[in-house]
Undergrad: 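So that we are looking at the same thing, I have put the structure below in structure tokens.
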2 protein chains.
Amino acid sequence: MTLKRRKNRTPHPQCALSDCMSFIGGAWTPNIIWYLSSGPRRFSELRSDIPLVSAKVLTQRLRELEDRGILSRAVKDTSPPSVEYALTALGLEFMPVIQAISEVGQRLKARAAA
Amino acid sequence: MTLKRRKNRTPHPQCALSDCMSFIGGAWTPNIIWYLSSGPRRFSELRSDIPLVSAKVLTQRLRELEDRGILSRAVKDTSPPSVEYALTALGLEFMPVIQAISEVGQRLKARAAA
DNA sequence: CAGCATCCCACGGGATACTG
DNA sequence: CAGTATCCCGTGGGATGCTG
């Protein structure tokens, strides 16, 4: 979700929603945070956690979450190389949201099944 | 967020996140739900609640939320015409998410200010 | 293993103008 | 007031193939 800035409009105080959404709005972002919440995880692990995501997009999301300070990237200089991603303190702040999304998602499924 | 279906992949059980996101992922959708949570509201009221949204997009979101059963549309046949939108029971299910998003958004702002 | 590089396109969404 | 109708464009993201 990009929200091109509309011109000639002053920003609104109640944009905390959009602010937060700008973090978790990207495709697969919630899933990434979700799977990192139970501990650090490697690239390939995330790939199989979220089989539908392409390598490119996963990399994109990870980079951008790293830049935003949501997660940390640690390269272990072994052979074969391995990289561990982990939520930062800031990243953990998002857990209530992710949790809520997941729970509502579940309830929606249950409702649909009925 | 559109998530073009990748081919030759079986869907994943843990997609409650994406499921829920498909509802609130659209631009301004969280805001709409937020402003409807305190009671029914008319089109123009929503427009001034969310000054950055264009009429076209607001209509789009409202129609699509209506189709999905999140909100109801009631046309009062007066002159000038007025239309009231209100959250349905299903729509109310999303409040925990919206609330969480808003709270985290606030906390992010506070953190950034510090 | 953990990625870049490229190509490519659907579609979300802004601007603007018009209507019952 | 509560929308529709068009036009148009940026970008998110999938597919595929290559590298240190």
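Chain letters run A, B, ... following the sequence lines, proteins first, then strands; residues in each count from 1.
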Undergrad: Under 4.0 Å: is that the gap between some side-chain N or O of A:Thr59 and OP1 or OP2 of C:dG3?
TA: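 False: A:Thr59 side-chain N/O out of range (4.0 Å or more) of C:dG3 OP1/OP2.
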Undergrad: Can you measure from CG (A:Asn31) to CD1 (A:Ile24) and round to the nearest 0.5 angstrom?
TA: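 Interatomic distance, A:Asn31 CG to A:Ile24 CD1, rounded to 0.5 Å: 11.0 Å.
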Undergrad: Which one, C:dG3, C:dG14, D:dG14, comes nearest to the side chain of B:Ser54?
TA: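 Between C:dG3, C:dG14, D:dG14, the one nearest the side chain of B:Ser54 would be C:dG14.
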Undergrad: Rounded off to whole Å, could you give me the CZ-to-P distance for the A:Phe43 and C:dG3 pair?
TA: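 Whole-Å distance recorded here is 5 Å.
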Undergrad: Send over the distance from B:Leu58 CG to D:dT4 P, rounded to a whole Å.
TA: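 Spelled out: CG on B:Leu58 to P on D:dT4 is 11 Å.
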Undergrad: Could you check which of C:dA2, D:dG3, C:dG13 has an atom nearest any side-chain atom of B:Tyr85?
TA: D:dG3
Undergrad: Let's go through B:Leu62 and B:Arg73 carefully: what are the C-alpha distance in whole Å and the side-chain angles of both, what is the deciding distance for side-chain contact (heavy atoms from CB on, under 4.5 Å) to 0.1 Å, and is it a yes or a no?
TA: CA-CA 9 Å; B:Leu62 289 171; B:Arg73 196 180 102 107; over 6 Å; no
Undergrad: To the nearest Å, give me how far apart CZ (B:Arg41) and P (D:dA2) are.
TA: 12 Å
Undergrad: When the distance from NZ of B:Lys56 to C1' of D:dC9 is rounded to whole Å, what number comes out?
TA: 11 Å
Undergrad: Can you identify which nucleotide, out of D:dG13, C:dA2, D:dG14, has its nearest atom closest to the A:Gln60 side chain?
TA: D:dG13
Undergrad: Looking only at the side chain of B:Pro80 (C-beta and beyond, no hydrogens), which of the listed nucleotides C:dG3, C:dA2, D:dC1 gets closest?
TA: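 Looking only at side-chain atoms, B:Pro80 lies closest to D:dC1.
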Undergrad: Side chains of A:Trp34 and A:Ile101: does their closest heavy-atom pair fall under 4.5 Å?
TA: no
Undergrad: Please state how far atom CG in A:Leu65 lies from atom P in D:dG12, giving the value in whole angstrom units.
TA: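 Taking CG of A:Leu65 and P of D:dG12, I get 13 Å after rounding.
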Undergrad: For A:Leu46 and C:dC1, give me the distance from atom CG to atom C1', rounded to whole Å.
TA: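 Computing the A:Leu46:CG to C:dC1:C1' distance gives 13 Å.
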Undergrad: Give, for atom OH of B:Tyr85 and atom CG of B:Leu46, the distance between the pair rounded to the nearest 0.5 Å.
TA: 8.0 Å
Undergrad: Could you pick out which residue, A:Pro81 or A:Val57, lies toward the 5' side of DNA chain D when each is mapped onto its nearest nucleotide?
TA: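 Between the two, 5'-proximity favours A:Val57.
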Undergrad: Whole-Å distance between C:dG12 C1' and B:Arg63 CZ?
TA: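 My rounded result for the distance is 18 Å.
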Undergrad: Does OP1 or OP2 of D:dG13 have a side-chain N or O of A:Arg61 closer than 4.0 Å?
TA: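 For D:dG13, OP1 or OP2 has a side-chain N or O of A:Arg61 closer than 4.0 Å.
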Undergrad: Which nucleotide in the set C:dC4, C:dG13, D:dG3 lies at the smallest distance from any side-chain heavy atom of B:Ala55?
TA: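 Given the options C:dC4, C:dG13, D:dG3, the side chain of B:Ala55 is closest to D:dG3.
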Undergrad: Counting only side-chain nitrogens and oxygens, does B:Arg42 get under 4.0 Å of the OP1 or OP2 atom of D:dA2?
TA: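 Checking D:dA2 against B:Arg42, a side-chain N or O does come within under 4.0 Å of OP1 or OP2.
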Undergrad: Return the value, rounded to whole Å, for the distance between atom CG of A:Leu52 and atom C1' of D:dA15.
TA: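 Answer to the nearest Å: 14 Å.
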Undergrad: Could you tell me whether the side chain of A:Gln106 reaches within less than 4.5 Å of the side chain of B:Asp19, counting heavy atoms only?
TA: no
